[in-house]
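Just so you know, these numbers come straight off a predicted model, no measurement behind them.
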Amino acid sequence: MLAFAVLAALQGAPRFPSPIERLVRIAGGSAVRDNPTALATPAGTIVVWEEVRGSRYLLVQGGLEGPGDSIRTPAVLVDRWGHQWGPSLAARGDTTWLACYVADVSLRTGDRDVVVLRYRDRLGTPLDTLRVTRDPPGAPFPVNDASPSLYLAEKGGALVAWSSGAFHEERPFARAYDDKDILEAELRDGKTIDPHQLTTARERGREMSPALAGHVLAYLSQVSGAPYALKLAEFDARWRLRSSRIVARSSGGIAHPSLLRLKGVTYLAWTDNTSTDVTIARLDRNLRVVARQSLRAALVPSSFSSYGPALAGLSGVQLFDDGGKIGLAFVATMEYEPAVGKVRQEIFLARFR
């Protein structure tokens, strides 16, 4: 019976690998942009990303709306702190959550905090703001809480995972953090409930960039100066570790993992900095990769070259449920020469058939 249920779930899932049936540029032109997050709604697709405007990082909103999927003019969504980065969206009913991490001071590496803003329906004026993290009084070193990932459980409130580590400004960069771990908490009634530290005592180094899908966690791990590894971990209902495995390594680094549960199947995406490409993988019930897709290869038949003379790199991928199909928001870096002021990082939406 279990085997039949698994087979039925896979048969109902999107074919994979599969071609791209829709590709839309949401934000073009010269700009420094990263970390887009997308949410499909009956009124269109919301996309939020971080963008440098002036000397600060702000959160900008764009996307598609209306029956013809017209492209919304990008506009600043969040400009309340010195900087705001790493947005993550989730919605249920008429409530939308937006998580990000912020700094009240300019371009300081440490002392960042995770906040969650709650909205009614579309993003506008937030109903409330929850400060998920805050340095304890008298802390000897600032704590860098960063890269939140939201997930809505079937029951209860919103779940958020993030990375956290004390920062030592006087040390060289390689030893700036004593340790960096992944934490998780439930958000309910304007409060942070039942926080759990998910990587303590199992690994020593930098665990960061979490992606959460129920009790499955994807994250980056760097131990003893080795290259970053992409890891998958599964926990029970009380957040006790059940299994953990390395999915990928890269000498040039791995960035920005993303998880999606769609029609009973789990999908995982990440950026490989060596190939400057994005990989989208389908996982089996044991969280093993059974099929994978190169985004760069998938874009070739989509005439992506019409958007620019060269493709310097793909990054910042985030998977989302696009009407029962695999949707993804990503960054395409067309040119990157900050020394001469030429940076063109554009935001795209794609959907697999």
Side-chain angles (χ1 to χ4, degrees), residues 34-37 49-50 57 83-88 99-103 107-116 132-133 135 141-151 159-169 171-185 195-213 216-235 239 241 244-259 268-274 278-279 315-319 331:
D34 204 358
N35 294 321
T37 180
W49 62 91
E50 66 187 50
Y57 283 86
H83 301 280
Q84 31 269 299
W85 306 269
S88 178
C100 63
Y101 64 106
V102 304
L107 290 180
R108 187 182 178 197
T109 302
D111 202 14
R112 300 176 181 181
D113 286 301
V114 172
V115 300
V116 174
V132 177
T133 67
D135 286 8
F141 302 102
V143 178
N144 188 336
D145 295 294
S147 304
S149 173
L150 279 171
Y151 182 79
L159 302 178
V160 61
W162 69 95
S163 63
S164 182
F167 179 75
H168 301 256
E169 292 179 301
R171 292 181 178 175
F173 178 77
R175 297 186 60 249
Y177 291 95
D178 282 339
D179 196 8
K180 199 170 179 69
D181 282 302
I182 306 297
L183 287 80
E184 173 278 335
H196 299 90
Q197 199 154 330
L198 302 182
T199 56
T200 295
R202 289 188 298 276
E203 297 158 309
R204 187 67 177 173
R206 298 182 184 181
E207 281 67 57
M208 55 192 295
S209 298
L212 195 63
V216 176
L217 175 73
Y219 63 99
L220 305 181
S221 177
Q222 184 188 47
V223 180
S224 302
Y228 277 108
L230 172 60
K231 287 192 170 184
L232 272 175
E234 186 174 16
F235 299 84
W239 293 102
L241 183 66
S244 176
R245 64 168 43 88
I246 294 175
V247 176
R249 295 184 188 272
S250 174
S251 58
I254 294 175
H256 203 84
S258 176
L259 281 171
L268 171 65
W270 67 91
T271 300
D272 187 323
N273 293 333
T274 299
V278 164
T279 297
S315 63
V317 63
Q318 190 249 324
L319 300 170
V331 178

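Looking at every heavy atom in both residues, Val116 comes nearest to Ala99 through CG2-CB, 3.9 Å. Taking both residues in full, the closest heavy atoms of Glu207 and Ser163 are given as O-CB, 3.7 Å, listed atom of the first, atom of the second, then distance. A pairwise comparison of heavy atoms in Asn273 and Gly252 identifies CB-O, 3.3 Å as the closest pair. The minimum heavy-atom distance between Pro87 and Trp49, with the atom names listed, is CG-CA, 4.0 Å. Nearest approach of Thr271 to Ser315, heavy atoms of both residues: OG1-CA, 3.4 Å. Closest non-hydrogen pair, Val216 versus Leu259, comes out as O-CD1, 3.7 Å.
Inter-residue side-chain proximity for Asn144 and Lys180 is flagged as met; some heavy-atom pair is nearer than 4.5 Å. With a 4.5 Å cut-off on side-chain heavy atoms, Val115 and Cys100 count as touching. By the 4.5 Å heavy-atom criterion applied to side chains, Val143 and Thr133 are not counted as neighbours. Counting only heavy atoms from C-beta outward, the side chains of Pro36 and Gln318 never approach each other to under 4.5 Å.
The OG atom of Ser88 sits 10.0 Å away from the CG atom of Asn35 when rounded to the nearest 0.5 Å. A distance of 7.5 Å separates OG1 in Thr199 from CG in Leu183, rounded to the nearest 0.5 Å. Atom CG in Leu232 sits 8.0 Å away from atom OG in Ser244 (nearest 0.5 Å). Distance CG/Asp145 to CG/Asp113: 5.5 Å, rounded to 0.5 Å. With rounding to the nearest 0.5 angstrom, the CG atom of Leu150 is 11.0 Å from the CH2 atom of Trp162. Between the CD1 atom in Ile182 and the CD atom in Gln197 there is a gap of 9.5 Å [rounded to 0.5 Å].
Looking at residues two or more places apart in sequence or on another chain, you find no side-chain hydrogen bond (donor to acceptor under 3.5 Å, both in side chains) involving Asp34. Listed by chain and number, the residues in a side-chain hydrogen bond (donor to acceptor under 3.5 Å, both in side chains) with Ser250 are Asp272, Thr274 (sequence neighbours excluded). Every ring-ring contact (aromatic ring centres under 6.0 Å, His included) that Tyr101 has, sequence neighbours left out, goes to Trp85.
Other residues, nucleotides and ligands contribute at most 12 non-hydrogen atoms within 6.0 Å of the CZ atom of Arg249.
Listed for the Ser149 side chain is no donor-acceptor partner under 3.5 Å among the backbone atoms of Ala161. A donor-acceptor pair under 3.5 Å links the side-chain atoms of Gln84 to the main chain of Tyr57, judged by distance alone.
A side chain to side chain contact (heavy atoms under 4.5 Å, CB included) with Lys231 is found for one member of Ile246, Leu217, Leu220 and no other, namely Ile246.
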